[in-house]
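Contents: one structure, followed by commentary.
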Amino acid sequence: MALIFTSHSSLFSKSFTNQLSFPAPKSQSLSLLSFPSPNPNPKLHSLHLRSSLSDDTPTDGDRPTKITDEWGEEAPPEAEPASKISESDPPQNEDEWGGGGDDVVEIGNGSPAKAEAEIEEKVDGKFSELKRALADTVYGTEFGFRAGSEVRAEVLELVNQLEAVNPNPAPTANPGLLDGNWVLLYTASSELLPLLAAGSTPLLKVSKIGQSIDTSSLTIVNSTTLSGPFATFSFSASASFEVRSPSRIQVEFKEGSVLPPKIKSSVDLPQEVNVFGQKINLSPVQQTLNPLQEAVASISRAISGQPPFKVSIPGERTKSWLLITYLDEDLRISRGDGGLFVLAREGSPLIVQ
C-alpha cells in the first residue's frame, strides 16, 4: 500500500483553523490515502479513505483527486487489473486435465483401463505367437532327437525370446501354475539320448514323456511310455525336491517303478519300416501275427492286476537341479544340469495329438 502526499506552499501559509476529521473506513482493505489539492476556498478539506476494491459507486467527496509524481507533474491514474479474483464458486475437485479427480479421464481413443487392456491383449498375442512358433518348430523332431542344427538354433532363439518376457519370474512362489501334469515337447538333454534312440527303432516308439509336480508334498514324478506292436510299456522315477530360490529347485530321485504292460487289442504294426535305407513292407507279417492275438489277450488278462515293480535308485547321480526360466498357464521352460526342457501342460492346445 503506497502513501502519496500532495504538497503546496499555500497549505503551510494558513493556520489550521478547523480540526482534521477522518470518516470511518469501509470494510474493504485500505489501498490509497490521498490529500486533495488546494482550491480557492482556504478551508482545508478533510482526509478521505477509499478502498480500491470497493464495488460501490464513489460519491463526489469520495472521488480521488489528481495524483502528481515526484517532479510535480500529473500522473495518469492506475489502470484497473485485467481480472479480479472470483468469489462466486468454491474450488472443485479437478485434476490437471479439468476432469473430476475421482472420475476416469478418457485419453486418446479410450480410457486408461481400455488402453491397458489393449496393451495386455497385444502382449498376450505376442506370447501366443511365440509359443505357437516354438511348438510348430519342435513338431516331428521326436522330442528333439531328430532335430538338425538349424532347428536347434531356431528353438534356442524362440526359447530366449520367451525367457526374456517371462510373466512369472518367481515360479516356485506360484504353485497354482507349477502344479499339474506336464508333457515334454523338446529336450536337449544328453541323459535322455539313449531312451530316445531306442524309441526311434522301427518296432518301438516313445509315445509320451511326462512330468507331474506336486508342490504341497514337494514331489516330482517323471514318466515314460513306450509303444510296441503288442503292448505299451510304462515306467517312472519319483523324486523329492527343495526350493532353493524363487526359480530354482534341487531334485533328488528316490525310486523307479515299472508298470505291467498293457496288451493291445490288436497287433499294431506299421505298414512299412526303414532299415538301413531300405523300406520293408510289413503287411505279410501283420497277417501272420493275427492268429496270435487270442494268446496275447489271455496274457493281458493275467497280468492286468499286478502291482508295479519298484526299484531304488542309488548313486550320486540321483541328485540334480532345475531352473525354471519360463512359466505360464500352458508352457514351462526349464534348464538343468541335464540340458534344456520345453514342456506343455497336459490338455494344452500346444500339444499336437
Side-chain angles (χ1 to χ4, degrees), residues 138 142-145 159 162-163 166 168-199 205-227 232-262 306-348 350-351:
V138 303
E142 295 184 9
F143 308 100
F145 179 74
V159 166
L162 284 168
E163 288 175 336
N166 180 18
N168 295 285
T172 59
N174 197 337
L177 288 179
L178 191 58
D179 283 352
N181 298 322
W182 299 88
V183 179
L184 183 69
L185 299 181
Y186 175 90
T187 183
S189 173
S190 58
E191 295 181 354
L192 290 179
L193 286 179
L195 175 63
L196 298 177
K205 179 181 179 182
V206 179
S207 58
K208 182 180 178 180
I209 299 177
Q211 186 177 72
S212 177
I213 300 179
D214 186 357
T215 57
S216 61
S217 60
L218 297 178
T219 57
I220 293 178
V221 178
N222 293 338
S223 60
T224 303
T225 301
L226 301 175
S227 179
T232 59
F233 306 90
S234 298
F235 55 91
S236 63
S238 60
S240 61
F241 70 90
E242 296 178 359
V243 176
R244 295 296 178 88
S245 75
S247 60
R248 178 171 174 160
I249 59 176
Q250 188 74 26
V251 182
E252 182 177 3
F253 290 93
K254 300 293 186 181
E255 64 178 12
S257 299
V258 180
L259 299 177
K262 293 182 179 180
Q306 297 297 320
F309 175 73
K310 295 185 178 182
V311 58
S312 61
I313 304 176
E316 289 296 328
R317 294 184 62 84
T318 59
K319 295 182 179 180
S320 178
W321 58 269
L322 198 64
L323 184 67
I324 304 170
T325 57
Y326 181 90
L327 177 66
D328 65 13
E329 63 278 358
D330 57 6
L331 183 70
R332 176 164 62 89
I333 300 174
S334 302
R335 295 179 183 267
D337 50 2
L340 173 68
F341 303 91
V342 179
L343 304 97
R345 188 179 297 277
E346 193 170 57
S348 168
L350 296 175
I351 301 176

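Start at 1 with the first residue, then count along the sequence. Since the structure is predicted, the reported quantities are computational estimates derived from the model, not experimental observations.
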(message) Test: salt bridge (Lys or Arg N to Asp or Glu O under 4.0 Å). Region: residues 175-190. Which pairs qualify, not counting sequence neighbours?
(response) none
(message) Looking at every non-hydrogen atom in both residues, tell me the closest pair between Asp337 and Trp321 and how far apart they are.
(response) CB-NE1, 3.3 Å
(message) To check you understand the geometry: which heavy-atom pair defines the closest contact between Val206 and Phe143, and what is its length?
(response) O-CE1, 3.4 Å
(message) Quick check against the 3.5 Å criterion: does Thr232 have a side-chain atom that pairs as donor or acceptor with the backbone of Leu226?
(response) no
(request) Working to the nearest 0.5 Å, report the span between CZ of Arg335 and OG of Ser189. (result) 13.0 Å
(request) Hey, could you give me the CZ/CG distance between Arg244 and Leu323, rounded to the nearest 0.5 Å? (result) 13.5 Å
(request) For Asn222 and Ala237, indicate whether the former's side chain and the latter's backbone hold a donor-acceptor pair under 3.5 Å. (result) no
(message) Quick check against the 3.5 Å criterion: does Asn168 have a side-chain atom that pairs as donor or acceptor with the backbone of Ala170?
(response) no
(message) Donor-acceptor check, side chain of Ser223 to backbone of Ser236, threshold 3.5 angstrom: yes or no?
(response) no
(message) side chain to side chain contact (heavy atoms under 4.5 Å, CB included), that's the test. Do Ile209 and Thr187 meet it? Break it down for me.
(response) CA-CA 11 Å; Ile209 299 177; Thr187 183; over 6 Å; no
(request) May I ask you to test the Lys310-Lys254 pair for a side-chain heavy-atom distance under 4.5 Å? (result) no
(message) Just verifying a value: how many Å separate Ile213 CD1 and Leu322 CG, rounded to the nearest 0.5 Å?
(response) 7.5 Å
(message) Do Glu242 and Leu218 make a side-chain contact, defined as non-hydrogen atoms from C-beta onward lying under 4.5 Å apart?
(response) no
(request) Hey, could you give me the CG/CZ distance between Leu185 and Arg332, rounded to the nearest 0.5 Å? (result) 11.0 Å
(message) According to side-chain hydrogen bond (donor to acceptor under 3.5 Å, both in side chains), who are the partners of Thr172, at least two apart in sequence or on a separate chain?
(response) none
(message) Are Ile220 and Gln211 packed together at the side-chain level, in the sense that at least one heavy-atom pair is separated by less than 4.5 angstrom?
(response) yes
(request) With the side chain counted from C-beta on, respond yes when Leu162 and Leu331 share a heavy-atom pair under 4.5 Å apart, and no when they do not. (result) yes
(message) Are the side chains of Glu163 and Ile333 in contact, using a 4.5 Å heavy-atom criterion?
(response) yes
(request) Considering non-hydrogen atoms only, spot the tightest contact between Ala344 and Ile351 and give its length. (result) CB-CG1, 3.8 Å
(message) Within this structure, what is the CG-CZ distance for the pair Leu259 and Phe309, rounded to the nearest 0.5 Å?
(response) 12.5 Å
(request) Indicate the atoms forming the closest heavy-atom contact of Pro260 with Pro308, along with that distance. (result) CD-CA, 4.2 Å
(request) Look at the side chain of Gln250 and the backbone N and O of Ser320, then say whether any donor-acceptor pair between them is shorter than 3.5 Å. (result) yes
(message) Which residues pass the side-chain hydrogen bond (donor to acceptor under 3.5 Å, both in side chains) test with Asp328, not counting sequence neighbours?
(response) Lys131, Tyr326
(request) Search all heavy atoms of Phe241 against all heavy atoms of Asp214 and return the closest pair with its distance. (result) CE2-O, 4.0 Å
(message) Would you say that Val159 contacts Leu340 through its side chain, given a criterion of any heavy-atom pair below 4.5 Å between the two side chains?
(response) yes
(request) Taking all non-hydrogen atoms of both residues into account, name the closest pair between Trp182 and Asp330 and its distance. (result) CZ3-C, 4.1 Å
(request) Kindly compute the distance separating CD1 (Ile324) from OG (Ser247), expressed to the nearest 0.5 Å. (result) 7.5 Å
(request) For Ser227 and Lys205, indicate whether the former's side chain and the latter's backbone hold a donor-acceptor pair under 3.5 Å. (result) no
(message) Quick one: does any side-chain atom of Arg345 pair with a main-chain N or O of Leu177 as donor and acceptor, under 3.5 Å?
(response) yes
